[in-house]
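Before any comments, here is the structure.
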Amino acid sequence: MSSKAQFSTKIGLIAATVGSAVGLGSVWRFPSEVQANGGAAFLLIYIACVFLLGIPVMLAEFSIGRGGGSDAVGSFRNLAPGKKWWFAGALAILTSYLILCYYMVVAGWTFEYMWESITGHLYQPIENVDGYSSQFSVRMQEYISDDINPLIHTFVVIGINLGILLFGVQKGIERISNILMPMLFVLLLAFCFVSLSLPKADEGLKFFLNPDFSAITPSVVIRALGQAFFSLSLGMGVLITYASYFPKDTRLIKTSFTVSSSVIFVAFMMGVIIFPAVTSFGLQDATLKGPTLVFATLPEVFAQLPYSQVWSALFFLFLTVAAITSTISIAEVSIAFMQDRCKMSRKAACLTMLLPLFVLSTACSLAQGSWSDIKLFGMNIFDLLDYLTANIMLPIGSILLCLYVGWFAPKKFLNNELTNYGAITARTFQIVVFIIRFIAPVLIASILISSFLND
Ligand code: PHE
């Protein structure tokens, strides 16, 4: 795909961008962050971060991509020739690549759970586990502490990515997003009803929706900010790259609202599914924290339904697809860079970018198994990469974006992009500019600094 490629339809453009945004971030990462960071208070700050900071940063990225018409580095080069701003694009590409290393691992878990649901293995009771209800957390623990199995599935997912990416934007990314994203939404809605009808559902719902403001600390705020940027695919060059495929009449402000609301909607539904299930099955404690939460809790919900296996297989199938529409968008950033900057063929670019992942993702996969004791700054490599990318690199990248668009880009640049060169009236324009120039960089920087001082 050259930089001149475009999405063929409006709905395809939205589906692919929503497909990039809605992924494991909202389904897998969000509930575990809510659980670790005080429940409803986190939800509130997260939503505030999406609207106040996420949407303006997204608009900055869209403008750079469509105005610059190239990959993350190339767009900066085109807009600010001879200046060092391309560095912001390079940082974005590096961040996105590091995210890919552990994201592939979780996508591999999802794939494995789909397979185990189809074969029925996931729902066979395990012996020596006290009570049926805790068996899924035991199974998850067993699964990820094994070295080989998760690795095989990670490799399968990397292989699938390679296949899709070789087909390019329209045939690969757009087609698959169009069909499967809407199905995921419908399925999630159905699961919300099941979860809400569980006994003790109200306790979980209270944790998710009734804020305890004393739980808010600087570290909770930085984590909510990180989650907002991660789930909106911000600060990683993804939206710059995708926006370079937007036609000139795409309404950027409207698109940013559609994408953000879909992300919040999915994350919210996941909270409504997970937390009632957690309290209903008494899973608040110990082994369920962090990355394994969703995998240990959701099968409990499916087990309540007739045809558990079918629901479970469908859910994990769609989640695998949601993960893959995100991984291909992340990989596309580096591939577009290789094609546009290094003048590589698409095939060579795909292979150069994806082959190293077989090695790097291996480290992240083993970090849950026999390498779990190898720690840097008190975290295993999986958690460290997650923390470093979402909570440090994304905010820094986003500050640079805002500084460029707000202060250094050609004077009428943002105005032109947001109004499609005067073709439409963007009423929110002044507010967006104000946030990008003044509010976003200062707020993001102060959140970053105060979380550092607190650690
Ligand atoms: N936003 C995606 C998710 O929530 C993850 C992602 C990050 C996608 C960065 C693209 C770029 O799963």
Side-chain angles (χ1 to χ4, degrees), residues 24-25 28-30 32-33 35-37 87 90-109 140-141 143-151 153-155 157-158 217-231 234-237 286-295 327 330-331 333-334 353-400 444-445 447-455:
L24 295 172
W28 156 75
R29 199 175 187 278
F30 176 76
S32 82
E33 289 290 293
Q35 190 186 46
N37 293 293
F87 177 78
L91 177 70
I93 293 179
L94 176 68
T95 312
S96 71
Y97 202 77
L98 293 179
I99 287 182
L100 215 44
C101 300
Y102 67 87
Y103 202 100
M104 288 292 190
V105 175
V106 185
W109 299 346
M140 184 61 191
Q141 213 53 47
Y143 169 64
I144 57 168
S145 51
D146 182 64
D147 282 344
I148 304 298
N149 245 331
L151 203 55
H153 297 107
T154 304
F155 286 178
V157 173
I158 299 177
T217 61
S219 100
V220 168
V221 180
I222 185 83
R223 283 187 164 266
L225 182 75
Q227 175 62 23
F229 284 0
F230 186 97
S231 61
L234 292 180
M236 285 169 254
T287 52
L288 284 163
K289 298 234 155 55
T292 56
L293 176 71
V294 164
F295 293 92
T327 50
I330 311 179
V333 176
S334 321
M353 290 324 298
L354 286 167
L355 292 184
L357 280 179
F358 282 103
V359 178
L360 296 170
S361 297
T362 300
C364 290
S365 183
L366 293 179
Q368 303 289 344
S370 56
W371 288 11
S372 60
D373 290 336
I374 304 178
K375 301 219 159 136
L376 262 176
F377 303 107
M379 288 179 249
N380 66 40
I381 174 100
F382 181 110
D383 293 337
L384 182 69
L385 278 184
D386 186 23
Y387 183 80
L388 189 72
T389 49
N391 298 325
I392 298 176
M393 294 172 81
L394 294 188
I396 293 179
S398 303
I399 295 176
L400 291 176
I444 300 172
I447 294 174
L448 247 183
I449 293 167
S450 64
S451 97
F452 265 126
L453 294 180
N454 249 265
D455 271 352

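From Asn380, atom CG reaches atom CG of Leu366 across 11.0 Å, with rounding to the nearest 0.5 Å.
Legend: residues meeting ring pair (Phe, Tyr, Trp, His ring centres under 6.0 Å) with Phe382, ordered by chain and number and at least two apart, are Tyr102, Trp109. Judged as a side chain to side chain donor-acceptor pair (under 3.5 Å), and not counting sequence neighbours, Asp146 has no contacts. A search for side chain to side chain donor-acceptor pair (under 3.5 Å) contacts involving Tyr143 returns His153, not counting sequence neighbours. Residues satisfying the side chain to side chain contact (heavy atoms under 4.5 Å, CB included) criterion with Ser372, sequence neighbours excluded, are absent altogether. Among residues two or more places apart in sequence or in another chain, the side chain to side chain donor-acceptor pair (under 3.5 Å) test is passed with Thr327 by Asn161. Under the rule for a ring pair (Phe, Tyr, Trp, His ring centres under 6.0 Å), the partners of Phe155 that lie at least two apart in sequence or sit in another chain are Phe358. Thr217 pairs by the side chain to side chain donor-acceptor pair (under 3.5 Å) definition with nothing, not counting sequence neighbours. Listed by chain and number, the residues in a side chain to side chain contact (heavy atoms under 4.5 Å, CB included) with Val333 are Ile93, Ser96, Val238, Thr241 (sequence neighbours excluded). Residues satisfying the side chain to side chain contact (heavy atoms under 4.5 Å, CB included) criterion with Ile449, sequence neighbours excluded, are Leu453. The side chain to side chain contact (heavy atoms under 4.5 Å, CB included) test applied to Ala90 returns Val73, Trp86, not counting sequence neighbours.
Within the structure, the side-chain hydrogen bond (donor to acceptor under 3.5 Å, both in side chains) test picks out no pair touching residues 355-369 (sequence neighbours left out). For the salt bridge (charged side-chain N to carboxylate O under 4.0 Å, His left out) condition, the pairs that include at least one residue of residues 370-386, sequence neighbours left out, are Arg29-Asp386.
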